[in-house]
Each structure stands twice: as structure tokens, then as C-alpha cells.
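Residue numbers run from 1 in the order of the sequence given.
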Amino acid sequence: MRSDEVKVGQNRAPHRSLLRATGLKDDDFNKPFIGVANSFIEIIPGHFFLDRVSKIIKEEIRANGCVPFEFNTIGVDDGIAMGHDGMLFSLPSREIIANSIETVMNAHKLDAMIAIPNCDKIVPGMIMGSLRVDVPTVFVSGGPMAKGYTKDGKPIDLSTVFEAVGQYEAGDINDDELKDIECNACPSGGSCSGMFTANSMNTLMEAMGIALPGNGTILALTKEREELYKKAASRICKIALMKQNEKQKYNITNILNENAVKNAFAVDMAMGGSSNTVLHMLAIAKEAGTNFKLEDINDISKKVSHIAKISPSLTTVHMQDIDKAGGVSAVMHEMNKRGEDILIDNPTITGKSILQTIKNSKIKDTNIIHTIDNPYSQVGGLAILYGNLATQGAVIKTAGIIGKRVFTGKAVCFDSQDEAIKGIVDGKVAAGDVVVIRYEGPKGGPGMQEMLAPTSLIMGLGLGDKVALITDGRFSGATRGASIGHVSPEAAEGGMIGLLKDGDEIHIDVDRYILQVNLSDEVIQKRKATFQPIRKNIKSNWLKQYRSLVTNASHGAVLRTDLF
């Protein structure tokens, strides 16, 4: 066992002495040591109950002949960090989480790991860290939140609250109606109930084969979810107790390979996941040592039909509805009927291949998960746009578009999210405009803030189908509308988005994958000659470190390691 490095031999007597202080007995030193990576934190709705989850998992690990060692990662709740400078720390937290997983697992030579993530950057951070450690790993998330209801029975969720702020600003709802939405949108623990970033990533772990079926859709705080925790714990022990040559087959890099990345993006397309999945899956693909690139995404999108619409794209459908309709396995089984090698058969942590896992799955409600003959779209729910405004690419969640897929409008430029929010509230944005929010990329922010506040204001003001928005920042999974993010190169590194001026004509054609500004090369070169990017003054030492090392969004906003 890998843990023999810290527990076998006379010269490891000091190590065993320290381990005995934690409660270990003689018999325990012959058992596999399992790291229980928990993301329990009391301020995040999807995580405040994970201390109870880890107790269930640790009991099951002990019952199956292994020794659990729980440790924790940090976490940032994007919704609570939204709209102020706390959001600058959200994406950078992914790197801290990855580093903490790598640190604890390798420092103590633990044999295998079960990871308990749920929300925001915690899922990809844990995956990235696990790939560096490369031992058998099972992921089991806390589970999605139930949807809420207003007093009159309308289904709502977190995105409803953000959009309600815009409706309130426009005078369309009163104080009581806003309070009703606020108090009922998030009724229980769990990751926010729509296909936002957390549930997108929890779903994609099923497609990658690193989580058990049901991980993305079984509600948190239910008996069914508790059974999933126990199954995951039992599974990691079964693997850890295998002979070495069998156990190595389940090292995470043997499962999460390039085929797994492609399968994840295919499922993402079919279910219209958050645009943040692009950022995170690119980072995961890099940690896994694959050759997957941003430009490969459009090739997958062309082959995949969009067959499941979930809030915020379809506000009445939430994760619990997808679960009742057959879950992610039913989506995968149905989408694969289109042929063209939509899903690539690949090993999973269950011991079955991905196609074996889903072969008996069926849609139970075709109003919730559409058949391949009745898709929402013949192409997937994400697209990568290119042009002189995004020579290295930009991302749009096509599943969330509610207006035209071809749009030409005049730029209204803001040099920060705060400027944009004030400008939108003050009426500076009108129908036909393209809102430009820049200096919010990984370097420019620094930290690449989510733009849910401005997009929600636009929706709430009734402009969702009348304007477009482009940014070198990113969007919450709760964002909808013609919102284009991850524009690369970003303004802070001299990208074209930084050269734009109010009134410039911007052209967007989603189906032709185009994002461009209608300026001559001569004008562009003239602007470049005098352009000096804004460099924000920041106090945080961590954000200064992050800014100096982070790559742009087209590279997954990973930290550079080639400088050392």
C-alpha cells in the first residue's frame, strides 16, 4: 500500500506513535488509509450539512475494513460573494483547493480518496488536486437543493432572486413581492437547484466516470442521497482492498482521460450546462495531461442535440425534475442514439464502462428530457465564438439565449462590473446596445468575477432579448440571455476588448461562431499604438500572486508552472 511509507518498518515507529494519538490500534496499520476530502463550511447552503455527510461516509469506510482520515478544503459561495470585491477570490479559490488536496494526500501518503464537494469552484478544485495525486478516487457531492415556490405556487430559484432585483428597480414588483421571492427561492440545503455551475459540474462527474449514477440529480438531505453516500464509501473501500495491479486500474488518471473530457462536454451540450464548465473542464483537461483544446468544443457541439432544458434556461424545470425523469443516465442513453460516437466508451469508477452503465436507462418523462427526435436544438447548448474581438475564443451558453442568435449593436463600454451595474441602473443601456464589461478577466479583475448582477438587471429591466453583453469576465450558471464571456485575450493583456470605444459596431453570429467589431485594420492598429491597459491597484498579496501567474480564460485560467 502507498501508506506503507508512513506506517511499516521500525524506522516508522515515530509515525505510528503519532497515528496512535489519533486513535489508531494495531489492526488499523494493516488496513488501507482513505482520505475523506470534505468541503464542509457553514456559510455555503450546499455545504453546511457536509459534516453530517462525512460521518455517514466514515462509518461506512470503517465497516468495510478501511481507515478514514477526514480533512477539509476551503470554499467560497459565489452567490454571497457576488456584487462586491469578495468575488475576486472565487476563481482563485479553485487553485487553493487543488493545492490543499495535493498537499494533504501526498504529505501523508494516503492510499485512496473519497471527495465530498458540491458548489462553485470546489468541484473542479478537488478534481484538479486529485489528478495530481493520482490514486483511486470516488466523488460524491452533497446534492442539489430543492426548488422553491412563491406564495402563489410559482417555482423559483436563486436566479429568480437576482432577476427580481432588476424587476424591483424597474418598478414591476413591490417590497412584499421581492421579500416573498427572497424568502422562498432557496428552501433547503444543497447546490442551487438549477443547471448552474455547481450542478453542471456535479452532473459532468457522472459523464467523466468519477462519480456514481445519480450524483448530479438526487436531492440533498434525502434518504436516497444518504444511500448514495454509503455506496460511494463502500466502492472506494472495495477498490482500496484490491491487489495492487487491479487497484491501479482505478487511479483517477486512468478514468479521467481525454475520452472522459469529451464525454463530459457532450453531456454538457445535451443539458445546456453553465458556461463556467468550459473554464473548469479546460483546467481539468490540462491536469489530466490531455491534448483537449478550446477549439474542440464546437466540433462536439455540432454532433450533440440539446435535449434537456433546466433553469435558468427553462425556469420551471430543476434538478429534481431531471432526476424523476431518469437522471443523467437517461440523458446520456438518449443523446447517444444520434450515433456519430457521441459518447466514447470509457472506464468508470464503478467497474463498468460508461456505455454499460447507461445501457438500461430510459426517459421517464419526455416533457422534461426530450427524445433525440424532438430536441430543443440540433446543436449543443454551448458555443465558442471567434473573430477580431476574440482571437483566442469566447464562450456563450446558447441554451440560455432568449433573443436573436445574430445581433449587431453599438458598444456601451464599462471598465468594471461596478461601473456596468451603475450604468445599467442609470439607464445608459438601451435596446440594440452591446454592453461591454472589461478588465474583469483572470488578470484584469484579478480573479475573473461572475457577471450575474448586470445580466440579471438586464433581464429584470426587460432588455434580455434586446441587448447583448460581452466580457472578459465570466458568468454565473444562473445567467441567461445573449451573454458572451471569457473573451480572450482579455483587456489586461492588451486584447481587442480593451480597445473598444462607445459606439463601435459589434457583430455576433452564434451559428457561424463569430464575434467581431466592425472596424478597419487601420483603425485597430492606430488604437493599439497608443493603448495602455489599466492595471488595478490591489492590496491582497494572494491576488497579486494570482495575477502574476494566471493564464487567460482560453487556457482555463490555470496558474503557470513554466516559470519555475
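Taking the six-membered ring where the residue is Trp, the centroids of Phe40 and Phe49 are separated by 6.0 Å or more.
For the atom pair CG of Asn251 and OG1 of Thr137, the computed distance is 8.0 Å after rounding to the nearest 0.5 Å. Atom CD1 of Ile97 sits about 7.0 Å away from atom CE of Met126, to the nearest 0.5 Å. For the atom pair Ser275 OG and Lys397 NZ, the distance stands at 7.0 Å (nearest 0.5 Å). Atom CD1 of Ile384 sits about 9.5 Å away from atom CD of Glu295, to the nearest 0.5 Å. Atoms OG1 and CG, on Thr253 and Asp134 in that order, are 3.0 Å from each other to the nearest 0.5 Å. Atom CD of residue Glu450 and atom CD of residue Glu440 lie 12.0 Å apart, to the nearest 0.5 angstrom.
Between Thr357 and Pro213 the shortest heavy-atom distance is CG2-CG, 3.7 Å. When all heavy atoms are compared, the tightest approach of Ala264 to Met281 is CB-CE, 3.8 Å. Nearest heavy atoms, Ile122 versus Ser39: CG2-CB, 3.5 Å. The shortest non-hydrogen separation linking Gly23 to Asp28 is O-OD2, 4.3 Å. Leu343 and Ala266 get closest at one heavy-atom pair: CD2-CB, 4.4 Å. Pairing each heavy atom of Ile101 with each of Val133, the nearest pair is O-CG2, 4.0 Å.
Note on Asp299 versus Lys262: no salt bridge recorded, every NZ/NE/NH1/NH2 to OD/OE distance being 4.0 Å or above. Here Lys55 does not pair with Glu59 in a salt bridge; the nearest charged N to carboxylate O distance is not below 4.0 Å. In summary, Lys147 and Asp321 engage in a salt bridge, as defined by a charged side-chain N under 4.0 Å from a carboxylate O. Salt-bridge formation is not detected for the pair Glu5/Arg2: no Lys NZ or Arg NE/NH1/NH2 atom is positioned less than 4.0 Å from an Asp or Glu carboxylate oxygen. A salt bridge does not link Glu226 to Lys231: none of the charged nitrogens lies less than 4.0 Å from a carboxylate oxygen. Salt-bridge annotation for Lys230 and Glu60: absent, with no side-chain N of the basic residue lying under 4.0 Å from a carboxylate O of the acidic one. Contact check on Lys121 versus Asp78 returns a salt bridge, with a Lys/Arg side-chain nitrogen under 4.0 Å from an Asp/Glu carboxylate oxygen. The pair Glu490-Lys443 does not meet the salt-bridge criterion, since no charged nitrogen lies less than 4.0 angstrom from a carboxylate oxygen. Ion pairing between a basic and an acidic side chain is recognised when a charged N comes within 4.0 Å of a carboxylate O; Asp562 and Arg560 show such pairing.
Checking Val123, Val558, Leu559 one by one against Arg94, the side-chain contact (heavy atoms from CB on, under 4.5 Å) holds for a single residue, Val558.
Residue Ile74 qualifies as enclosed at atom CD1: its count of foreign heavy atoms under 6.0 Å is above 12. Within 6.0 Å of atom NE2 in His15, more than 12 heavy atoms from other residues, nucleotides or ligands are found, so the atom counts as buried in its surroundings. Enclosure of atom NZ in Lys238 is not indicated, since only 12 or fewer non-hydrogen atoms of other residues, nucleotides or ligands lie within 6.0 angstrom. Shown here is Glu42, whose CD atom has no more than 12 heavy atoms of other residues, nucleotides or ligands within 6.0 Å.
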Quiz item: Should Asp472 and His486 be marked as a side chain to side chain donor-acceptor pair (under 3.5 Å) after you check the CA-CA gap, both sets of side-chain angles, and the distance that decides it?
Solution: CA-CA 5 Å; Asp472 51 11; His486 306 202; over 6 Å; no
Self-check item: Full working for salt bridge (charged side-chain N to carboxylate O under 4.0 Å, His left out) between Arg20 and Asp26
Solution: CA-CA 9 Å; Arg20 289 178 192 277; Asp26 283 348; 2.9 Å; yes
Quiz prompt | side chain to side chain donor-acceptor pair (under 3.5 Å) evaluation trace for Asp418 with Ser416 | solution = CA-CA 5 Å; Asp418 290 345; Ser416 71; 5.2 Å; no
Practice problem: Start with the C-alpha distance between Arg225 and Asn215, add both sets of side-chain angles, then the distance that settles side chain to side chain donor-acceptor pair (under 3.5 Å), and finish with yes or no. | Solution: CA-CA 8 Å; Arg225 195 79 198 183; Asn215 185 70; 3.2 Å; yes
Quiz item: Does the pair Arg132 and Asn99 meet the rule for a side chain to side chain donor-acceptor pair (under 3.5 Å), with working shown?
Solution: CA-CA 9 Å; Arg132 297 176 195 170; Asn99 289 343; 2.7 Å; yes
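Tyr250 pairs by the ring pair (Phe, Tyr, Trp, His ring centres under 6.0 Å) definition with nothing, not counting sequence neighbours.
A cation-pi contact, defined as under 6.0 Å to the ring centre and within 45° of the axis, is absent between Lys109 and Phe33.
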